[in-house]
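The structure appears below as structure tokens.
Proteins get letters first, then strands, A, B, ... in listed order; numbering begins at 1 in each.
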Protein chains: 2
Amino acid sequence: MKYSPLITELIESFKCLPGVGAKSAQRMAFHLLERNRPGALRLSNAMHDAMEHVKHCAQCRTFTESELCGICTSPARQQAQILCVVESPQDIIAIEQTSEFSGQYFVLMGHLSPIDGIGPSEIGLDILAKRLTDSTIQEVILATNPTVEGEATAHYIGQMCSQHGIKASRIAHGVPVGGELEYIDGSTLSHAFSGRREI
Amino acid sequence: MKYSPLITELIESFKCLPGVGAKSAQRMAFHLLERNRPGALRLSNAMHDAMEHVKHCAQCRTFTESELCGICTSPARQQAQILCVVESPQDIIAIEQTSEFSGQYFVLMGHLSPIDGIGPSEIGLDILAKRLTDSTIQEVILATNPTVEGEATAHYIGQMCSQHGIKASRIAHGVPVGGELEYIDGSTLSHAFSGRREI
Ligand SMILES: [Zn+2]
Ligand SMILES: [Zn+2]
């Protein structure tokens, strides 16, 4: 004897969420049924609307339901002739929170990974090349992740930039602020030394 | 600059799930947008259908979209004149998995908690009293949780049963199978001693 069909389907469906197994799925289903049906209906609608209408910004590839995202349509952003290349839309939020950057973005939605069949066109480099040709971008900041794939992707795009005669830079790697040297991995530590600056 | 309205609403809505904060909500939203839109649409529909149609079984109060649940409509279950009282629908599943019990259930959907304004009628004891009067139940097994509130609730229902001239029993407390004595709390251990059986 198991749960009724609608409850069984609800529990099964919850397993599509990252990190949610059978136990959590059951807990979520009963929590909502018992205590928050309005919240569940709100989430149901939000998921439906987002999955149906959110697509990629025609210019920077981040997620948006508009033709162009809020950053791409900002006049102030358009004046800044500097483009930051990131792997994911979440990276944009992280960078925006620092208020360090006021230019435009390009989102790869991943990184080069030939072994998984992810080549230049899968991460939108054809669109990026067109943008480097057509626009007045003066500098490209490569803010891909400091992983093997992220570095390879940054290197590839750096070469694209030099073919277009555009300056490319890589974000600095080093010891995170507040990090303890003792617990930093060797690779980061050697970046921190080679990237040292006179004070 | 934040996410687009639909994405912002999606992330906010995810926070209705138990144990999901801002970070997890963001991770779930992007995971689904990037990798599993069909799964998200399935979950959206499942949530909508369950929240709209799942109600309580008219006889045992467990969650079901039918008038009566699968257990209450089972002829074999109706013949067993024994009723097990539990706090939640999930408890039924746990008990069913043991195959130890083949009678019917009554689900309190909680426990007595005067401080929170939860009295007898909030946990359906009026419905239970009617059932004890009308049906041919011979024994009531009190399987509420071994907490202060669960014990108080079991005690209260036990008295109801004796007023109806129906035998009531409480599930045994003791050392869990596979548990190590060293790590069992004192209260459980004293239950294990007072409930000892000759072998
Ligand atoms: Zn954009
Ligand atoms: Zn029922």
With chain B as the partner, which of [options] has the greatest number of non-hydrogen pairs under 4.5 Å?
options	result
A/Val20, A/Asp49, A/Ile7	A/Ile7
A/Gln97, A/Gln90, A/Glu34, A/Arg27	A/Gln90
A/Met28, A/Met109, A/Lys15	A/Met28
A/Ser24, A/Ala40, A/Pro18, A/Ala46	A/Pro18

Legend entry - Most chain A-contacting option - heavy-atom pairs closer than 4.5 Å, from B/Ser88, B/Gly110, B/Gly39: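 Winner by heavy-atom pair count: B/Gly39.
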Between [atom1] on residue [X] and [atom2] on residue [Y], distance to nearest 0.5 Å:
X	Y	atom1	atom2	value
B/Cys16	A/Asn36	SG	CG	5.5 Å
B/Phe63	A/Leu33	CZ	CG	5.0 Å
A/Ile71	B/Ser4	CD1	OG	11.5 Å
A/Leu17	B/Phe14	CG	CZ	5.0 Å
B/Ile93	A/Ile11	CD1	CD1	7.5 Å
B/Asn45	A/Ser13	CG	OG	8.5 Å

Heavy-atom count around [X] [atom1] within 6.0 Å, excluding the residue itself: above 12?
X	atom1	answer
A/Gln79	CD	no
A/Lys130	NZ	no
B/Lys167	NZ	no

Same hydrophobic cluster for [X] and [Y], using side-chain heavy-atom links shorter than 4.5 Å among ILVMFWY?
X	Y	value
A/Val86	A/Leu142	no
B/Ile141	B/Ile157	no
A/Ile123	A/Ile137	yes
A/Tyr3	A/Leu32	yes
A/Ile95	A/Ile82	yes

Legend entry - side chain to side chain contact (heavy atoms under 4.5 Å, CB included) between B/Met47 and A/Leu41, intermediate numbers included: CA-CA 7 Å; B/Met47 290 179 78; A/Leu41 288 172; over 6 Å; no
Inset, instruction - Over all heavy atoms of both residues, which pair between B/Ala50 and A/Leu10 is shortest? Give the atoms and the distance, please. - result: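 Result for this residue pair: CB-CD2, 3.8 Å.
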Inset, instruction - State, to 0.1 Å, how close A/Leu6 and B/His53 come at their nearest heavy-atom pair, and which atoms those are. - result: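 Scanning both residues completely, I find the closest heavy atoms to be CD1-CB, 3.6 Å.
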Legend entry - Pair B/Glu96 + A/Lys2, salt bridge at N-O below 4.0 Å: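 Salt bridge absent between B/Glu96 and A/Lys2.
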Inset, instruction - Answer yes or no: is there an ion pair linking B/Glu9 with A/Arg42, defined by an N-O contact shorter than 4.0 Å? - result: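 Yes, charged N to carboxylate O under 4.0 Å.
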Legend entry - Residues in residues 99-107 of chain B near chain A [non-hydrogen atoms, under 4.5 Å]: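 No residue falls under the 4.5 Å cut-off.
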Inset, instruction - Using non-hydrogen atoms and a 4.5 Å limit, figure out which bit of B/Pro5 sits close to chain A: side chain, backbone, both or neither. - result: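 For B/Pro5, heavy atoms of backbone and side chain both lie under 4.5 Å from chain A.
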Legend entry - Heavy-atom contact with chain B under 4.5 Å, split by part of A/Pro89: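 Contact with chain B: backbone and side chain both.
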Inset, instruction - Measure distances from A/His31 to the heavy atoms of chain B and classify the residue's part below 4.5 Å as side chain, backbone, both or neither. - result: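 For A/His31, the side chain is the part near chain B, not the backbone.
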Inset, instruction - Would you please test A/Leu43 and B/His48 for side chain to side chain contact (heavy atoms under 4.5 Å, CB included) and show each step? - result: CA-CA 9 Å; A/Leu43 175 56; B/His48 179 269; over 6 Å; no
Legend entry - Side-chain touch A/Met51/B/Ser44, heavy atoms, less than 4.5 angstrom: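 Of all side-chain heavy-atom pairs linking B/Ser44 with A/Met51, none is under 4.5 Å.
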